Enquirer: 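One structure, pasted below without further comment.
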Number of protein chains: 2
Amino acid sequence: MLKEERQQLILDKIGADKKVTLVALSKELDVSYDSIRRDIIELEERGLLRKVHGGAITNSYLPMKVRQRMGIPNPEIVRIARKTLRLIQPGQTILMDGGTTPLYIVEQFPKEMELTVVTNNLPLAVVLADHPHIEVMVLGGSFYKRYQITMGQTVMDQLAHLRVDWYLMGVVGSHPDEGFSLRNHEETLLKRRMMQTARQVAVCLTTEKLHTPAAHRICGLEDVSLLITSLNPSDAQLAEYQEKGLEIW
Amino acid sequence: MLKEERQQLILDKIGADKKVTLVALSKELDVSYDSIRRDIIELEERGLLRKVHGGAITNSYLPMKVRQRMGIPNPEIVRIARKTLRLIQPGQTILMDGGTTPLYIVEQFPKEMELTVVTNNLPLAVVLADHPHIEVMVLGGSFYKRYQITMGQTVMDQLAHLRVDWYLMGVVGSHPDEGFSLRNHEETLLKRRMMQTARQVAVCLTTEKLHTPAAHRICGLEDVSLLITSLNPSDAQLAEYQEKGLEIW
DNA sequence: ATGTTTTTTGCATTTATTTGCAGACCTAAT
DNA sequence: ATTAGGTCTGCAAATAAATGCAAAAAACAT
């Protein structure tokens, strides 16, 4: 078994269970405790997980490429995708941006669904090539390879002429008081612009982001219409959001 | 067994299993460990896989998906791609459009190449995500799923502000008297526009297209600077093109 | 076709990485 | 203080990678 393969399995397991223990892993993958330990150290150095005594836990943020290689979407994202589907009415126009969540959501779209999707996320457009009744509009601009999206002034200009029903916004960080945030400043500008072109905005969030704000603020809770998570809307972790009057699914 | 053929098998295997080990491959394909190792190095330089200790793993699953749709690169296209590479100088800006030939050409790009690529071909942009020194500009517009390219007025508008060194044009049909042609009318409009934004235009052609015009004419021979085929420039099949004064590689 | 040039291949040698293990070490709970 | 669980360090064996070279095979031009 290749070292990288093993490390990928560790990441998969962490993605599914949120935590792993070294002893369990070394038994399961049938390699020495030390090898696993060294793997975990390497992965931590690359920022892909957090090492704790006797094991490791998820790190809230994983770059897209790593997730993509994982192949199987984690169950949390599948739940979010299913809820999001209920939101969309046939014939509508929706705007989707970067990240893996939108990618999994469109993968869940039924093949016969009739829809127009506007996106700056190239993999997303390519995935939708298999859906004959979905019209796709690609926003052109400089290609930001890390997230496989386009950005820049050209994208902004194209948005000026658009009016969509929903904007499904992906975010990196979120906090009940501080609102939604990202790692990258330029992308916040883009997202703010996207919000303006949409009649309604929905944010899709994985649980670990709920109380971890990122560096650059996009907007406050009051600016979005709907929050979609994998949790039950009445879950305690969502209470603070609930109180601020945000609709939650 | 040809090198190209072997490399294709390696890519196929990686596409299926997400990983390969060098020892297994050298046994399976019955060539020395070193040859396989050198193949892997080459493929990595083109960004088609990631080399790891003892083997190789997939780089990103999307280009693989696209690749499967593309099928095996026939040796003719590989020859064309190699010739085209000689044309491009570091630091230039080139415009590439739809089709599989451009995709094979960019696959041949060494990873260190410095270049700006403008394209309406989404898989092409995604493939180039692994080339850190290549800047990619995506032309946005309606997505034509069949060819995985964008088209329409939006694309045209973006071209208005552009000026590139080379336009590598793909065509469906060609004839020494009638010039170059396509099956789709709207695409001819786009290609004509693309020609205007480029200082020089090169056409890449496979042999079977040399005397088979398609329905919609793009332009005459006099409008392109260079013709690239898999044949020797002095080949009899190219004589008529030669006579009309078209430069041939 | 035929000889020339270029590319590819396999091998031997050297160098580097990975792995498991043993023992020292740390820390917290008895 | 002792002990149990986990971590860290150094080491040696096994495995893999890089390098240089000569033979073989393709590709090329004449």
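The sequence lines fix the lettering, A, B, ..., with proteins before strands; numbering per chain opens at 1. Computed from a predicted structure; not experimentally measured.
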Enquirer: Less than 4.0 Å between a side-chain N and a carboxylate O, is that true for A:K3 and A:D39?
Expert: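 No, no charged N to carboxylate O under 4.0 Å.
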Enquirer: To the nearest angstrom, how far is A:Y33 atom OH from D:dG6 atom C1'?
Expert: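 Atom OH in A:Y33 sits about 5 Å away from atom C1' in D:dG6.
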Enquirer: Between A:E4 and B:K19, does any side-chain N to carboxylate O distance fall below 4.0 Å?
Expert: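 A salt bridge is absent here (no side-chain N lies under 4.0 Å from a carboxylate O).
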Enquirer: Just N and O in the side chain of B:R6: are any of them under 4.0 Å from OP1 or OP2 of C:dT9?
Expert: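 So the side chain of B:R6 is within the cut-off, an N or O lying under 4.0 Å from OP1 or OP2 of C:dT9.
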Enquirer: Determine, stepwise, if the pair B:M194 / B:L139 fulfils side chain to side chain contact (heavy atoms under 4.5 Å, CB included).
Expert: CA-CA 11 Å; B:M194 287 183 162; B:L139 300 167; 3.9 Å; yes
Enquirer: Taking all non-hydrogen atoms of both residues, which atom of A:A214 and which atom of A:R183 are closest, and how far apart?
Expert: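 Nearest heavy atoms, A:A214 then A:R183: CB-N, 4.2 Å.
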Enquirer: Relative to each other, are the rings of A:H216 and A:H185 parallel, tilted or perpendicular (30° and 60° limits)?
Expert: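 Rings of A:H216 and A:H185: tilted, 30 to 60°.
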Enquirer: Does a donor on one side chain sit under 3.5 Å from an acceptor on the other, for B:Y144 and B:N184?
Expert: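 Judged by distance alone, the side chains do not pair up.
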Enquirer: Quick one: bend of the helix from C:dA1-D:dT30 to C:dT30-D:dA1 from 5 pairs per end, to 10°?
Expert: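 The helix from C:dA1-D:dT30 to C:dT30-D:dA1 shows an end-to-end axis angle of 30°.
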Enquirer: Rounded off to whole Å, could you give me the NZ-to-P distance for the A:K27 and C:dG20 pair?
Expert: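 Those two atoms, NZ and P, are 16 Å apart.
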Enquirer: Atom CG of B:D39 and atom C1' of C:dT7: how far apart are they, to the nearest Å?
Expert: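 B:D39 atom CG is separated from C:dT7 atom C1' by 13 Å.
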Enquirer: Write down the distance between NZ (A:K3) and C1' (C:dG20), rounded to a whole number of angstrom.
Expert: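 The distance from NZ of A:K3 to C1' of C:dG20 comes to 15 Å, rounded to the nearest Å.
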Enquirer: A:I36 has an atom CD1; how far is it from atom C1' of D:dT7, in whole Å?
Expert: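 Going from CD1 in A:I36 over to C1' in D:dT7 covers 15 Å.
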Enquirer: Measure CD/B:E42 against C1'/C:dT9 and give the value in whole Å, please.
Expert: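 Nearest whole value for this atom pair: 13 Å.
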Enquirer: What is the minimum heavy-atom distance between B:I228 and B:T84, and which atoms define it?
Expert: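 So the minimum-distance heavy-atom pair works out to CD1-OG1, 3.7 Å.
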Enquirer: Under 3.5 Å, which N/O atoms of the protein pair with N/O atoms of nucleotides 8-10 of chain D?
Expert:
from  : atom 1 : to    : atom 2 : distance (Å)
D:dC8 : OP2    : A:R37 : NH1    : 3.4

Enquirer: Let me know the distance between CG of B:L29 and C1' of C:dG10, rounded to the nearest Å.
Expert: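 Taking CG of B:L29 and C1' of C:dG10, I get 16 Å after rounding.
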Enquirer: To the nearest 0.5 angstrom, please state how far the CG atom of A:L43 sits from the CD atom of A:Q7.
Expert: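 Here the interatomic distance stands at 4.5 Å.
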Enquirer: I'd like to know if B:K18 pairs up with A:E5 as an ion pair, taking the criterion as any Lys NZ or Arg NE/NH1/NH2 lying under 4.0 Å from an Asp or Glu carboxylate oxygen.
Expert: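 Salt bridge absent between B:K18 and A:E5.
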Enquirer: Round to a whole Å and report the spacing from CG of A:L2 to C1' of C:dT17.
Expert: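 In whole Å, C:dT17 C1' and A:L2 CG are 13 Å from each other.
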Enquirer: Which sits closer to the 5' end of DNA chain C, B:H53 or B:S35, going by the nucleotide each is nearest to?
Expert: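 Final value for this comparison: B:S35.
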